[in-house]
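Keep in mind that the numbers below use all heavy atoms, side chains included, and drop hydrogens, waters and symmetry copies. A, B, ... follow the sequence lines: proteins, then strands. Residue 1 opens every chain.
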Amino acid sequence: MDTCITLETILATDREINLIKTFECGQCFRWQADEMGIYTGVASGKVLNIRQEKGLILCDAIESDLPFWRNYFDLDTPYDEAAVLFSQPEHLKICAEYGAGIRILRQEPWEALCSFIISQCNNIPRIKSIIRSLSALYGKPLRQGLFSFPEAEVIANLSEDDLSPLRCGYRAKYILDAARTVSEGRLPLEELCDMPADEARKKIKTIKGVGDKVADCFMLYGLHRMDSFPVDVWMKRALKKHFPPDFDPKTLGNWAGLAQQYIFFYERSSKGEK
DNA sequence: TGCCAGGCGACGC
DNA sequence: GCGTCGCATGGC
């Protein structure tokens with residue numbers, strides 16, 4: 001494939017974002033590093049090659065796409081304002097220091113919803129593989145042999161048989177129900193951003209195969225509702241092991257989602273150490 | 001070779 | 001409301 005990719009555009013500095021942590025912290029499934037440390041991924045039908053080098057984040061975006069990518073990487077949100085809030089409990093402080101540099105990506109709502117439906121009771125390599133297959137089968141071809149994430153409208157017109165090459169098991173019918181819900185406009189995205197979290201979660205959970213956890217992931221990663229605090233098996237373990245019983249993420253307000261990401265990343269990175 | 005994976009829905013109580 | 005079980009599949 002491409003033997004030489006030149007990355008000349010400065011997107012940010014490495015004080016604004018740590019690229020590796022951001023891609024590897026478990027929030028996204030479509031970014032892949034090569035042996036040179038160049039990450040390649042797709043968002044909103046655009047391919048980007050990007051790397052961290054000598055204090056800078058260099059990429060091959062065209063000038064007119066820079067605002068899009070700065071928004072995607074959420075570079076204009078002042079994450080350092082959360083530091084005071086994260087100074088306790090002690091374990092949250094540890095996780096926040098460990099995860100410093102992570103940005104919560106502004107992923108496309110439909111892609112995030114579908115991805116986290118696929119994620120249920122699944123491991124990350126396999127989640128990535130299923131999403132890759134789904135895109136290759138029903139997305140649009142882009143450069144470097146990559147594909148866009150298929151539109152909800154495209155998936156909505158498929159059958160379970162059409163999804164059988166994905167080998168995604170019982171999740172296939174959930175994907176179809178989600179696609180039909182979205183494509184028929186039964187999930188008003190703007191309203192979901194503004195309404196109280198409990199109300200939004202209830203609406204999202206009308207999709208088959210979407211419970212509290214997937215709904216919270218959709219709100220955090222797809223709608224950028226930073227008040228969401230998804231709790232999965234890793235988070236349950238972390239909360240039980242390291243946090244006082246009365247710890248309530250709601251007290252973190254609009255930084256709860258970032259705290260969750262720090263805790264999740266630390267828990268997965270340090271597994272087996274204690 | 002089993003155990004487990006960023007869960008969920010149905011069912012029984 | 002809460003505990004349990006089956007669900008498809010493959011990574012490790």
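Annotation: dA5(B) and dG6(C) have their C1' atoms spaced 16 Å apart (nearest Å). As rounded to the nearest Å, dA8(C) and dC3(B) have C1' atoms that lie 16 Å from one another. Only the C1' atoms considered, dC7(C) is 15 Å distant from dC4(B), to the nearest whole Å.
Here the straight-line distance linking atom CG of Leu158(A) with atom CG of Leu134(A) works out to 8.5 Å at 0.5 Å rounding.
Nearest-nucleotide assignment on DNA chain B puts the 5′-proximal partner with Val231(A), out of Val210(A) and Val231(A). Residues Cys168(A) and Pro125(A) each lie close to DNA chain C; by heavy-atom proximity, the contact nearer the 5' end of the strand is made by Cys168(A). Taking the nucleotide of DNA chain C with the nearest heavy atom to each of Tyr174(A) and Asn122(A), the more 5' of the two is matched to Tyr174(A).
Side-chain proximity of Arg126(A) to dG9(B), dT9(C), dA8(C): nearest is dT9(C). Checked against dG6(B), dG7(B), dT9(C), the side chain of Gln120(A) finds its nearest nucleotide in dG7(B). Side-chain atoms of Val214(A) lie closest to dC8(B) of the nucleotides dC8(B), dA5(B), dT9(C). In the set dT9(C), dG7(B), dG6(B), dG7(B) carries the atom at the smallest distance from any side-chain atom of Cys121(A).
One can place CD1 of Ile207(A) at 15 Å from C1' of dG7(B), the figure rounded to the nearest angstrom. Rounded to whole angstrom, the span from the CZ atom of Phe264(A) across to the P atom of dA5(B) amounts to 11 Å. Separating the CG atom of Asn123(A) from the C1' atom of dG11(C) is a distance of 5 Å, rounded to the nearest angstrom. Distance Lys236(A) NZ to dG6(B) P: 14 Å, rounded to the nearest Å. In this entry the distance linking CD1 of Ile263(A) with C1' of dG6(B) reads 14 Å, nearest Å. When rounded to the nearest whole Å, the span between CG of Leu113(A) and C1' of dG6(B) equals 15 Å. At whole-Å resolution of the value, OH in Tyr170(A) and C1' in dA10(B) are 14 Å apart. Distance Ile130(A) CD1 to dG7(B) C1': 14 Å, rounded to the nearest Å.
Here Phe116(A) does not count as stacked on dG6(B), because the ring centres are not under 5.5 angstrom apart with planes under 30°.
Classified by interplanar angle (parallel below 30°, tilted 30° to 60°, perpendicular above 60°), the ring pair Phe264(A)/Trp234(A) is perpendicular.
Ion pairing between Lys241(A) and Glu267(A) holds under the 4.0 Å rule for side-chain N and carboxylate O.
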Tell me, with the steps shown, if Arg180(A) and Asp177(A) meet salt bridge (charged side-chain N to carboxylate O under 4.0 Å, His left out). CA-CA 5 Å; Arg180(A) 287 164 190 161; Asp177(A) 191 55; over 6 Å; no
